[in-house]
Undergrad: 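Structure incoming, see below.
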Amino acid sequence: MQKIRHTPVAPTRTQRLASGGEIDAHRHDDHQIAYASQGIIAVTTDAGSWVAPATRALWIPAGTVHRHQAHGELDLHLVGLPATVNPLGLDEPAVLAVGPLLRELIVAYTRDPDNDGPPRRRLRAVLLDQLTVSREQPLHLPSPTDPLLRELHDILRADPADNRSLDELGQRIGASARTLSRRLREDLGLTYPQWRTQIRLHHALVLLADGTPVTTVAHRCGWSSASTFIDVFRRTFGHTPGARPTT
């Protein structure tokens with residue numbers, strides 16, 4: 001059984017992680033915000049995975065058992081907040097939009113965590129104000145609980161470019177497309193195309209963080225062309241996969 005660390009106070013700090021580096025499973029009595037100003041951060045819980053590039057931050061509620069993984073060289077900014085301070089009113093992990101101002105506030109606030117002078121307290125107040133207007137983003141890759149969906153999930157995660165129909169995949173695992181579609185709606189609240197796109201986008205973010213060319217990423221993740229992939233990516237993240245976000 002995996003040992004889970006209990007660190008009561010969620011730290012506020014900046015740290016670097018090499019690509020592939022991890023922070024093992026742990027929990028805090030505080031809320032925490034995780035933001036990567038460089039690279040991509042992935043947070044995994046029992047409920048699924050959340051992945052955030054530099055235009056997104058991750059909200060991790062108090063008590064949530066989670067682990068971090070770095071994709072690409074990671075500059076990780078962690079902001080701990082007491083459980084009584086919840087500007088978002090969220091009790092589940094979430095991905096949040098990070099605009100230019102919120103980005104600079106997080107980076108500045110985590111730069112000198114031991115400084116608790118009046119300027120830094122004012123900085124914290126503005127950061128909390130900005131969090132209240134940060135939009136939640138649908139970038140959660142839920143972990144299915146249904147055994148058939150878990151088997152399907154393993155197939156798609158192993159090869160996101162697998163373009164077989166749900167009928168064909170169902171034949172492999174012994175279920176009809178109708179059954180799988182119904183269980184997807186009941187278990188995850190998603191259609192098959194929505195779920196497959198989420199899986200592909202998560203994998204695409206990881207490949208991009210490792211420096212894989214955009215055209216290669218598109219084909220490895222199952223898009224028919226680089227232009228189709230770029231269009232989906234832009235609509236989801238607000239910038240093209242080859243561009244450095246301006247946040």
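All values below come from the heavy atoms of this structure, side chains included, with hydrogens, waters and symmetry mates left out.
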Undergrad: Between R150 and D154, does at least one N-O distance fall below 4.0 Å, as a salt bridge requires?
TA: no
Undergrad: side-chain contact (heavy atoms from CB on, under 4.5 Å) between W59 and I33: does it pass, once the steps are laid out?
TA: CA-CA 5 Å; W59 171 260; I33 297 163; 3.8 Å; yes
Undergrad: Please tell me whether L88 and L102 are part of a single hydrophobic cluster in this structure, the criterion being side-chain heavy atoms less than 4.5 Å apart.
TA: yes
Undergrad: Under 3.5 Å, is there a donor-acceptor pair between the side chain of T14 and the main chain of T110?
TA: yes
Undergrad: Can you tell me how far the CH2 atom of W195 sits from the CG atom of D187, to the nearest 0.5 Å?
TA: 8.5 Å
Undergrad: When rounded to the nearest 0.5 angstrom, what is the spacing between CG in L81 and NE2 in H31?
TA: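 If I round to the nearest 0.5 Å, the distance is 7.5 Å.
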Undergrad: Nearest 0.5 Å please: distance from the CZ atom of R172 over to the CD1 atom of I155.
TA: 4.0 Å
Undergrad: Side chains of R157 and H202: closer than 4.5 Å at any heavy-atom pair?
TA: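 Contact flag for R157/H202 side chains = no.
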Undergrad: Return the CG to CD1 distance between L152 and I173, rounded to the nearest 0.5 Å.
TA: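 Reported value, rounded in 0.5 Å steps: 5.0 Å.
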Undergrad: Assess whether atom CZ of R182 is packed by more than 12 heavy atoms of other residues, nucleotides or ligands within 6.0 Å.
TA: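 Buried by this count: over 12 neighbours within 6.0 Å.
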Undergrad: Picking from T44, V95, I41, what satisfies side-chain contact (heavy atoms from CB on, under 4.5 Å) with W50?
TA: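 Checked T44, V95, I41 against W50; only one passes side-chain contact (heavy atoms from CB on, under 4.5 Å): V95.
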Undergrad: Backbone N or O of R56 within a donor-acceptor pair of the Y35 side chain at under 3.5 Å?
TA: no
Undergrad: Are H66 and H26, when compared by the centres of their aromatic rings, separated by less than 6.0 Å?
TA: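 Aromatic pair counts; centres sit under 6.0 Å.
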Undergrad: Nearest 0.5 Å, please: how far is CG in L78 from CD1 in I60?
TA: 7.5 Å
Undergrad: Look up atom CZ in R120 and atom CZ in R124, then write down how far apart they are to the nearest 0.5 Å.
TA: 9.0 Å
Undergrad: So does R178 have more than 12 non-hydrogen atoms from other groups sitting under 6.0 Å from CZ?
TA: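 Open: at most 12 neighbouring heavy atoms sit under 6.0 Å from CZ of R178.
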